[in-house]
Protein chains: 2
Amino acid sequence: MATIYDVSQLAGVSLATVSRVMNKNTNVSEKTRQKVLAAMAELGYRPNTFAQSLASNCSNSVGVLVSQLDGPYYGPMMAEIEAALRADNRHVIIAVGHSDAAQEIDSVEFLLSKGCDALILDVEAVSDDYLIKLSQSSTPIVLINRYIAEISDCCIYLNNELGGYLATRHLIELGHRDIAYISGPAKKHDATERLEGHKRALAEVGVSFDPALFFEGDYKEDSGVEGMHYLFGQDKTFTAVVCANDQMVSGAISVCLERGMRIPQDLSFVGYDNIPFARYVSPKLTTVNNPIHEMGKMAALWLLKHLYKHDIEVENVFEPELVVRNSATRLG
Amino acid sequence: MATIYDVSQLAGVSLATVSRVMNKNTNVSEKTRQKVLAAMAELGYRPNTFAQSLASNCSNSVGVLVSQLDGPYYGPMMAEIEAALRADNRHVIIAVGHSDAAQEIDSVEFLLSKGCDALILDVEAVSDDYLIKLSQSSTPIVLINRYIAEISDCCIYLNNELGGYLATRHLIELGHRDIAYISGPAKKHDATERLEGHKRALAEVGVSFDPALFFEGDYKEDSGVEGMHYLFGQDKTFTAVVCANDQMVSGAISVCLERGMRIPQDLSFVGYDNIPFARYVSPKLTTVNNPIHEMGKMAALWLLKHLYKHDIEVENVFEPELVVRNSATRLG
DNA sequence: ACTATATGGCGACCATTTACGACGTTTCTC
DNA sequence: GAGAAACGTCGTAAATGGTCGCCATATAGT
């Protein structure tokens, strides 16, 4: 592998000059520049990243920590992050936290030990305090899907409460009053926020929240199945179900279809996230759009702005929107 | 940040000794070892990866290049790769090729420039020759989802032809003879292989392949929709459709349901890939299992074995299996 | 001619690995 | 039992391939 030294010899200039044309092009004449470029091309020179990182203390890498890689949720986010960073010649190192505090912390340490310039974190289990402390260290972090008042500037998040509200209000507007709710795990912030929105919509029309029509799932399809079995097991009537994500809806609906029920005539459903499949499942899912890919992109742009000093605008909070399709209908 | 020098001072030993306890612990007495370990703990020492990589010419990173990050397909694969490598304290750098030759090559260059120890490639557009040449360079590569005879040892792939065969044979066994086929893009190897399998199954029972019952899609849901519109537009009868992946099935089925057709009574479908959603879509998809996560894991293990010299067994070729659920039924 | 500025060279780092060799102790051999 | 060989342990110093500040020099502007 050719080194910067070889290039300097071939071009007939000094090491520093070669280094200069690679970095800031300030203070090097166009003629020299071309000579050096030609030499680099001839040698097929490729700068040694490790040496660069060691000398400059900048790795051009950002660590991305997500809860999981499978499932329909994180793919679009990662795709946007990769694209935005890649366009700026930066690379992303991935790590998975599995929604477990110990593993999340371990992953952060791992990423830090790999010398990332910054971290993009989608963490659920770790405490606010931990993140606040982490944000004070020398490597910047940006949080996706989480709001912490003390470090709000580096939080990119969705107004989950509003999303939960929109889902339930939609059903209310369709005449439903007996609305069951299949939630995500209580330990996850977004799950509790969505539930809050649901309760607010209920309260707004004077309907009290009925714990018997509530089931705590884990965001996976199977818990949608479990949730429906549980709800059918209760001796309560309900005409609609809101699920805290689309995956649980799909599990829930499959139970109903197996029982010969018609959706949405016999039971209305509203989901959350608007994952790609929501449009192709039958019936097409009425759901709340979660612009996760935009949030991923914004996290990357945030870094470009704050860490790598690009001059761009970033926004921190995203608003969910209701997407009306065919899984919920007017009561009666 | 504490350096190895600080540790050596505190422990009262030389730099080399500290380095020795970090790497091969050979030739360092237990007493010194403990002193050094204690000093490292006291200082919260964390080795500088860049310096390590520069000096040892090993980055402990592997680049993973996939066609896309969104969609249901690559998540499970990435998850397995990350887990396997992470367990060995290695990290993965991601890049996306978008099924385009120029972008794939650019991504390979990118990954190489980032100093990866090895590359895991799931590339579709790039030529065999390019990959053969690449495999002769100093950084090892392993290919997922692709078979190239000249470098078969580093190929991890699925017997796609067999999968296509199994899908169609299943329908034939159910009495179907007029079987439409919605393919993936002809430029993708797996798509053409699956189609070959389909044709073989047809030929086996003396049914000739009818170009009018063939549609070339692009593996996305929308092209399943397009495909059905096209097929319905032909003046041909058919009683079953095999789609080259599950996403296209889901698009195709949605068209049928909109037309008031019943699946599978009016039309049978067989998919391919067995993506997680195949179980929750209604009807549940009869499909061909594609053990993509196992292939991802195997690629990582291959690297652990060949590059990092672990003593493990790896297998290169995976066999698809038919998963019978409810989207295809006996004719008549 | 004088000064401001553009340009290029020198050399000190950056934090680690590793070849080589020093040194002390053990073991072998005669 | 003495000298030599072998061995285990550890330190020195030379890479590894860059970046960057500082200084000298060439060039241009006034």
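Quick note on labels: first sequence line is chain A, next is B, and so on, each numbered from 1. Scope of the values below: all heavy atoms of this structure, side chains included, with no hydrogens, waters or symmetry mates.
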**Q** Which pairs, protein N/O on one side and nucleotides 19-23 of chain C N/O on the other, fall under 3.5 Å?
**A**
none

**Q** Between B:S53 and C:dT16, is there a side-chain N or O to OP1/OP2 distance below 4.0 Å?
**A** no
**Q** Any idea which of C:dG9, C:dT17, D:dT9 is nearest the A:S14 side chain?
**A**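 Selected nucleotide (nearest to the side chain): C:dG9.
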**Q** Polar-atom pairs under 3.5 Å, protein N or O versus N or O of nucleotides 5-7 of chain D: list them with distances, or write none.
**A**
none

**Q** Can you list the residues that meet the side-chain hydrogen bond (donor to acceptor under 3.5 Å, both in side chains) rule with B:Q34, with sequence neighbours excluded?
**A** B:E30
**Q** Kindly say whether A:H98 contributes a backbone atom to a donor-acceptor pair with the side chain of A:Q103 at under 3.5 angstrom?
**A**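 A pair under 3.5 Å: no.
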**Q** In chain order, what residues pass the salt bridge (Lys or Arg N to Asp or Glu O under 4.0 Å) check against A:D88, with sequence neighbours excluded?
**A** A:R90
**Q** Hey, could you give me each pair passing side-chain hydrogen bond (donor to acceptor under 3.5 Å, both in side chains) that has a residue in residues 45-57 of chain A? Not counting sequence neighbours.
**A** A:R46-B:E109
**Q** side-chain hydrogen bond (donor to acceptor under 3.5 Å, both in side chains) with B:S127: which residues, sequence neighbours excluded?
**A** none
**Q** Can you list every pair that meets ring pair (Phe, Tyr, Trp, His ring centres under 6.0 Å) and has a residue in residues 134-153 of chain B, with sequence neighbours left out?
**A**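 Those involving residues 134-153 of chain B are B:Y147-B:Y157.
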**Q** Please name all residues satisfying salt bridge (Lys or Arg N to Asp or Glu O under 4.0 Å) with A:K188, sequence neighbours left out, ordered by chain then number.
**A** A:E124
**Q** Distance check, rounded to the nearest 0.5 Å: B:I141 atom CD1 versus B:L307 atom CG?
**A** 13.0 Å
**Q** Applying ring pair (Phe, Tyr, Trp, His ring centres under 6.0 Å), can you list everything that pairs with A:H310, at least two apart in sequence or on another chain?
**A**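 Counting only residues at least two positions away or on another chain, A:H310 forms no ring pair (Phe, Tyr, Trp, His ring centres under 6.0 Å).
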**Q** Shortest non-hydrogen contact from A:D218 to A:K220?
**A**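 So the two residues come closest at OD1-N, 2.9 Å.
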**Q** Which nucleotide in the list D:dG11, D:dT9, C:dG8 gets nearest to the side chain of B:T32?
**A** D:dT9
**Q** Is the shortest side-chain N/O distance from A:T17 to OP1 or OP2 of C:dG9 below 4.0 Å?
**A**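 Checking C:dG9 against A:T17, a side-chain N or O does come within under 4.0 Å of OP1 or OP2.
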**Q** Do any N or O atoms of the protein come closer than 3.5 Å to N or O atoms of nucleotides 15-18 of chain D, and which pairs are they?
**A**
residue : atom : partner : partner atom : Å
D:dG18  : OP1  : A:Y45   : OH           : 3.0
D:dG18  : OP1  : A:N48   : N            : 3.1
D:dG18  : OP2  : A:I4    : N            : 2.5
D:dG18  : O5'  : A:Y45   : OH           : 2.9

**Q** What residue pairs, at least two apart or across chains, pass side-chain hydrogen bond (donor to acceptor under 3.5 Å, both in side chains) with a residue in residues 296-306 of chain B?
**A** none
**Q** What does B:V18 touch in the nucleic acid at a heavy-atom separation under 4.0 angstrom: a base, only the sugar-phosphate, or nothing?
**A** nothing
**Q** Kindly calculate the angle separating the two end axes of the helix from C:dA1-D:dT30 to C:dC30-D:dG1, each obtained from five base pairs, and round it to 10 degrees.
**A**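 The helix from C:dA1-D:dT30 to C:dC30-D:dG1 shows an end-to-end axis angle of 40°.
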